[in-house]
Protein chains: 2
Amino acid sequence: MADVARLAGVSSQTVSRVANGQSGVVESTREQVLAAMRELGYRPNSAARSLRYGRFNTIGVILFGLASTGNSRTVEAIATHAAAEGYAITLIPVGMPTQDNVLGAFTRMGELAVDGVILIIEVHLLDSTAVFLPPGVHVVVVDSDAGDRYPVVDTDQADGARQAVRHLLGLGHRTVHHLAGPAESFAAERRAGAWRSALEEAGRVVPAVERGDWSADSGYRAGLRLAADPACTAIFTANDQMALGVLRALHESGRAVPADVSVVGFDDIADASAYLPPLTTVHQDFAEVGRRCVRLLLDQIHDEPSTPGTDLVPTRLILRSSTAPPPAVLPPPAV
Amino acid sequence: MADVARLAGVSSQTVSRVANGQSGVVESTREQVLAAMRELGYRPNSAARSLRYGRFNTIGVILFGLASTGNSRTVEAIATHAAAEGYAITLIPVGMPTQDNVLGAFTRMGELAVDGVILIIEVHLLDSTAVFLPPGVHVVVVDSDAGDRYPVVDTDQADGARQAVRHLLGLGHRTVHHLAGPAESFAAERRAGAWRSALEEAGRVVPAVERGDWSADSGYRAGLRLAADPACTAIFTANDQMALGVLRALHESGRAVPADVSVVGFDDIADASAYLPPLTTVHQDFAEVGRRCVRLLLDQIHDEPSTPGTDLVPTRLILRSSTAPPPAVLPPPAV
DNA sequence: CGCGAAATTGTTAACGTAAACATCGGTAGA
DNA sequence: TCTACCGATGTTTACGTTAACAATTTCGCG
């Protein structure tokens, strides 16, 4: 900057004014400065800027992985909306969701050039006692039940699961089986809980829960077990990928979808419409989740009061071709 | 920091030494300082650090979206390996891959707190004249043909496509149809080019190329067209998601996979093993791509000479159940 | 017990930027 | 013609940190 000032024959303050587009610089001077900037390839040093302003214009995102569709789409939305507000995104990946790692991430984050943090945490860790966030760090949490302590943005998991169950019961199914996600997952627990209560409200039998790990392969294995049960005519899976595995298992077991068994997924990933058959599923609006995260966090950073509480993004059921009324003649129950 | 120094009764320099774990601080002093840090909730200001050191310990990643499996997995690997080296990742999303946007990203990047940049660009933009990177910025490019000007890391697209074609020809298919990705995509072009030359080398007819946009739905539409051609017994799709759509189209058209038609995908995404049937596909090692990107970039940052050239990550064909010899009796060729 | 070397701690300055204030020149109005 | 004011530009300072050097203390050894 000093070099630019020297070359342009002005003071560094004037260069600063030009760089920030402030008024009060006469046109001829401005152009001299701009020319000098170009000639020297001047680019402002953002570390110095951050130091001066006390802000980084950066949001940190702590997460366990981008592998899941939901995470990567949420992060993308966060990045897009943050960019629109002039904020960059710093990714802070945490290997395993152990407490140590999360704490380590928080510690590192303290040293990081970040004005606030969005926590995409997925598992029951914030519940535990020892996890504390450095005071003075602005935080928004995605997909957790820490709503009593932090602002939380979440998909309305429960309502989505309820819609799925009611749809299947409305088609005439006696009950609905559930293939849940891992027990540590908060989202999985919410979906399973809502499935259970929806069945109970309707006075139906609640079958034993199957569990997978979100992967299509785990869905396949669970699907083979479910397919072996002739009374199983409707399956609600906790995500679309497991539904894909279930579809394969049912197909290989000779049970037609939707004629013999109906399947409903969760997420509405892009591929779901190309499954065999195209999957009826609960649509999650990841982009909206990301949008709200950014807004909530920026509100905090801009000194709005931080309001703990959960901001629920609605879900909706997308009807495709994987559900139908149960077979008119049920297979004879095992004696 | 000054407050900490005052409370601990030492100079700020000693606080700095403790904060950085330098030797030459007597144990009792160190503990006093640490206690003061805790009491005041001191966290070092990384902007000041960056300013002092002239480094940010941050890598920028410019990309067009995390939607594609490949991108998000590459980014995840980049983030993980960068973290292991003490670097954070800043995401710089670019809305549309227009030249203006890319230039804008570069400009913003100049102002960004970043020591180097990994460019995941996907389309033929670096070829064009006007795109220039700010001098002095370290760059590694993924998935491009700018190997003459920048260090490039790429999957060995060509070899993967060759493996797919040879596998199908080896099964006895007369030729192989190809469902390509969008023409703007560099990866799509490389795969299509290798498919074509592999067929030519074998002296086979090169059918007209179908094109999709990577999505399963576009694969479905192209699949319907291919299914209508009775001479089509083998299809190589440029990614797995389009293969999913093709599988659905073939199924709906009454053509069995692999009995009537063989299908090979590209990517080996997690779901591919749960398709109907499980998909034979070319495995891409995204994690390795990310790893090499980070290493190449850090080498540059640490003053190793920057070597333009392309670093190819090998691919391998994963055999599953979607390929088989062509039907013994071919349908009569159209006269 | 005294001297020099080594260990520990303190002081100064600089990284690049921008806010706050100071200065300079010109212009309008009396 | 002089004064007051305004707009353009320059000067000073501070942001929080750490390298380099300076000062002080401690310790070993003759």
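In what follows, chains are A, B, ... by sequence order, proteins preceding strands, each numbered from 1. Reckoned from all heavy atoms, side chains included, excluding hydrogens, waters and symmetry mates.
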Would you mind telling me which residue lines up with the more 5' stretch of DNA chain D, A:G24 or A:S12, judged by nearest nucleotide?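 Comparing both residues, the 5'-ward one is A:G24.
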Is [X] near enough to [N] that one of its side-chain N or O atoms lies under 4.0 angstrom from OP1 or OP2?
X     : N      : answer
A:S50 : D:dC15 : no
B:R17 : C:dT9  : no
A:Y53 : C:dA18 : yes
B:N45 : D:dC15 : no

Which nucleotide in the list [options] gets nearest to the side chain of [X]?
X     : options                : answer
A:V25 : C:dG16, D:dT9, D:dT18  : D:dT9
A:Q22 : C:dA19, D:dG10, C:dG16 : C:dA19
A:V10 : D:dG10, D:dT17, C:dG16 : D:dG10
B:R52 : C:dC15, C:dA18, C:dG10 : C:dC15
B:T14 : D:dT9, C:dT9, D:dG16   : C:dT9
A:Q13 : C:dT9, D:dA19, D:dT11  : D:dT11

Please state how far atom [atom1] in [X] lies from atom [atom2] in [N], giving the value in whole angstrom units.
X     : N      : atom1 : atom2 : result
A:Q32 : D:dG10 : CD    : C1'   : 15 Å
B:M37 : D:dG16 : CE    : P     : 15 Å
A:R49 : D:dG16 : CZ    : C1'   : 19 Å
A:R6  : C:dG16 : CZ    : C1'   : 14 Å
A:E27 : D:dA8  : CD    : P     : 11 Å
B:L51 : C:dA13 : CG    : P     : 18 Å
A:F56 : C:dT17 : CZ    : P     : 16 Å
B:N20 : C:dT9  : CG    : P     : 16 Å

Heavy-atom pair with the smallest gap, counting every atom of [X] and [Y]:
X      : Y      : answer
B:R292 : B:P314 : NH2-CD, 4.1 Å
A:Y87  : A:I301 : OH-CG2, 3.8 Å
A:A8   : A:V33  : CB-CA, 4.0 Å

Residue of the set B:T69, B:D267, B:D156, B:T74 for which side-chain hydrogen bond (donor to acceptor under 3.5 Å, both in side chains) holds with B:Q284: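 Among the candidates, only B:D267 passes.
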Using a distance-only criterion (donor-acceptor N/O pair, under 3.5 Å, no hydrogens), is the base of D:dG16 paired with the side chain of B:R43?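 Absent.
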Under 6.0 Å from the CZ atom of A:R30, do we count more than 12 heavy atoms belonging to anything else shown?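 Above 12, so yes.
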Judged by each residue's nearest nucleotide on DNA chain C, which is more toward the 5′ side, B:V26 or B:A48?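 By nearest-heavy-atom nucleotide position, the 5'-most residue is B:V26.
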